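Read through the structure below, which is laid out as structure tokens, and then see the notes.
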2 protein chains.
Amino acid sequence: MRKWKIPEVTISRLSLYLRCLSELEEEGVEVISSAELGKKCGINPAQIRKDLAYFGEFGTRGVGYYVKDLKEDLKRIMGLDREWEVALVGVGNLGRALLSYQGFKRHGFKISVAFDKVIDEERKKAVPEGCELYHASMMEEVIRKKKIKIAIVAVHFSEAQRVVDALVKSGIKGILNFAPVRLSVPKGVVVRHIDLGIELEVLTFFVNTKMY
Amino acid sequence: MRKWKIPEVTISRLSLYLRCLSELEEEGVEVISSAELGKKCGINPAQIRKDLAYFGEFGTRGVGYYVKDLKEDLKRIMGLDREWEVALVGVGNLGRALLSYQGFKRHGFKISVAFDKVIDEERKKAVPEGCELYHASMMEEVIRKKKIKIAIVAVHFSEAQRVVDALVKSGIKGILNFAPVRLSVPKGVVVRHIDLGIELEVLTFFVNTKMY
DNA sequence: TAACTTTTGTGTACACTTTCACAAAAATAG
DNA sequence: CTATTTTTGTGAAAGTGTACACAAAAGTTA
Ligand SMILES: NC(=O)c1ccc[n+]([C@@H]2O[C@H](COP(=O)([O-])OP(=O)(O)OC[C@H]3O[C@@H](n4cnc5c(N)ncnc54)[C@H](O)[C@@H]3O)[C@@H](O)[C@H]2O)c1
Ligand SMILES: NC(=O)c1ccc[n+]([C@@H]2O[C@H](COP(=O)([O-])OP(=O)(O)OC[C@H]3O[C@@H](n4cnc5c(N)ncnc54)[C@H](O)[C@@H]3O)[C@@H](O)[C@H]2O)c1
């Protein structure tokens, strides 16, 4: 689709810029320079301009960027100019926290369906309005029918690869994984890992060595 | 303590190697080459050797690495040869999930104290055996007394910086932050961000552009 | 219209990370 | 004891991302 390789960090910074721009818009700021934006989100101004340059020219020399315009451009670039339905697999402790999190809506995401291999009262209660709970055996059918492309995996690590294989078969293209295992997926499917164990251990290293 | 600059990615890979080594030990594997370990955890063998080389020589040429020894060496290097007490701030949806997570123990971490500005029955019930719940106003006193160095922040984003300032004053040196804000901390304090909004948006970009 | 100011967009240099490739070391076989 | 095999540890090359620095563009002032 695009001719060259855009680094993944660039994309995550775009997301960061987007958040800053939303804040600026709420504050009533209409125009911002890369220098000011950089200060606000802790990124080098040249880096911001380089990141944007992957996608085109969005600023006005001598002026800066129009907050509203840049925000809309970034949303379009990232595919965030529409709502995305998300599937959640695993309505355990973590899954329930995710279901009750209101912040996703603000980003344009909606967990519209949840799956678990156990369906009990506790889990039914955890599922909010506008989200349906199904038994894990229904995964492929439901996801396929709803054409959902993004899923969150919050099952025990021993089940994660099995679940992911099923998700991929169902047409899922992006997976946010909380289980502490490296998952294998075919080309064309993106996985991002949230690994709290590793995060805590990295912190420990730096705290322990008392440097920096 | 050590002369150099070790990249943060190296540290997170060490943590990954550690996890693989634990699995290998359970499987009864006694010796492993960088090639095999690399295949197991999806890292280039030369990378593994380079990562280890920051800290010394751990292998035997022509043989490989003794699983048990390397595991112990890595634990020592990362400061994981002892238990770490962790403080949790914010016993909301996410905080409760973290409190009930059994996986931290396996890594040698223990959430031994939790704080919230609201203390009610629901929150009291969420706190397991071996963990104490205090009002947020007690934070500095309790953390100082217990000499806790690592904290997890799971409060609303509007409170996060305030909480972090208090944590730093209490002697906390490492912070795992779930609130969607860039935190400012003095030198000597390490912060790692878990930002689910950004993670989902990055996924969306790749899914949306249908490339990789 | 011309001089001046501001800030972008980008070529280039720099820094950091990963991978390659091979000598050195250790074990094993003859 | 020497040759052979294996696999580490590491210098150098390749690759990738970041930051600098400045010409080009747009606006502003006179
Ligand atoms: N809870 C946390 O704070 C936390 C922190 C870090 C990592 N994690 C990881 O997140 C994952 C979930 O953690 P948790 O604490 O919610 O665990 P949990 O045991 O409370 O919940 C897991 C849920 O997944 C369901 N499940 C299991 N296999 C399934 C399958 N094949 N299909 C559908 N549903 C299935 C279970 O019925 C259960 O409801 C684990 O991999 C864990 O390591 C959790
Ligand atoms: N729940 C999720 O799945 C999820 C996902 C992504 C990010 N987050 C982020 O994690 C944070 C917590 O999310 P949540 O869903 O648990 O929110 P929540 O509102 O359920 O819980 C927040 C808790 O923090 C407490 N709190 C607020 N200010 C405090 C203070 N100054 N000192 C001590 N305690 C205080 C509140 O009383 C409440 O119990 C938020 O910043 C949120 O953006 C949560």
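Everything numeric here is computed off the predicted structure, so don't read it as measured data.
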Does a side-chain N or O of [X] approach OP1 or OP2 of [N] to a distance below 4.0 Å, or not?
X      : N       : answer
N44(A) : dG17(D) : no
R49(A) : dT8(C)  : yes
Y65(B) : dT6(D)  : no

Hey, which sits more toward the 5' end of DNA chain D by its nearest nucleotide, Y66(A) or R13(A)?
R13(A)
Closest to the 5' end of DNA chain D, once Q47(A) and R61(B) are matched to their nearest nucleotides, is R61(B)
Of all the nucleotides listed ([options]), which has the minimum atom distance to the side chain of [X]?
X      : options                   : result
V9(A)  : dT8(C), dT18(D), dT18(C)  : dT18(D)
E57(A) : dA25(C), dG27(D), dT10(C) : dT10(C)
A46(B) : dT10(C), dC20(C), dT17(C) : dC20(C)

Between [N] ([atom2]) and [X] ([atom1]): distance, integer Å:
X      : N       : atom1 : atom2 : answer
E36(B) : dT6(D)  : CD    : C1'   : 12 Å
F58(B) : dT8(D)  : CZ    : C1'   : 13 Å
E8(B)  : dT18(D) : CD    : C1'   : 16 Å
L14(B) : dT17(C) : CG    : P     : 13 Å
Y54(B) : dC16(C) : OH    : P     : 10 Å
I43(B) : dT17(C) : CD1   : P     : 14 Å
I48(B) : dT8(D)  : CD1   : P     : 9 Å
L52(A) : dG9(C)  : CG    : P     : 7 Å

Do the charged groups of [X] and [Y] touch, with an N to O distance under 4.0 Å?
X       : Y       : value
K40(A)  : E27(A)  : yes
D165(B) : R162(B) : no
R192(A) : E8(A)   : yes
K75(A)  : E72(A)  : no

What nucleic acid atoms does P45(A) come within less than 4.0 Å of, heavy atoms only: base, sugar-phosphate, or nothing?
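Counting heavy atoms under 4.0 Å across all strands, no contact is made by P45(A).
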Would you classify S34(B) as touching base, sugar-phosphate or nothing, given that sugar-phosphate means primed atoms plus P, OP1 and OP2, and contacts are heavy atoms under 4.0 Å?
sugar-phosphate
Pair of N/O donor and acceptor under 3.5 Å linking dG11(C) base with K50(A) side chain
yes
Which heavy-atom pair separates M139(B) from A166(B) by the least distance, and what is that distance?
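Minimum heavy-atom contact is CE-CB, 3.6 Å.
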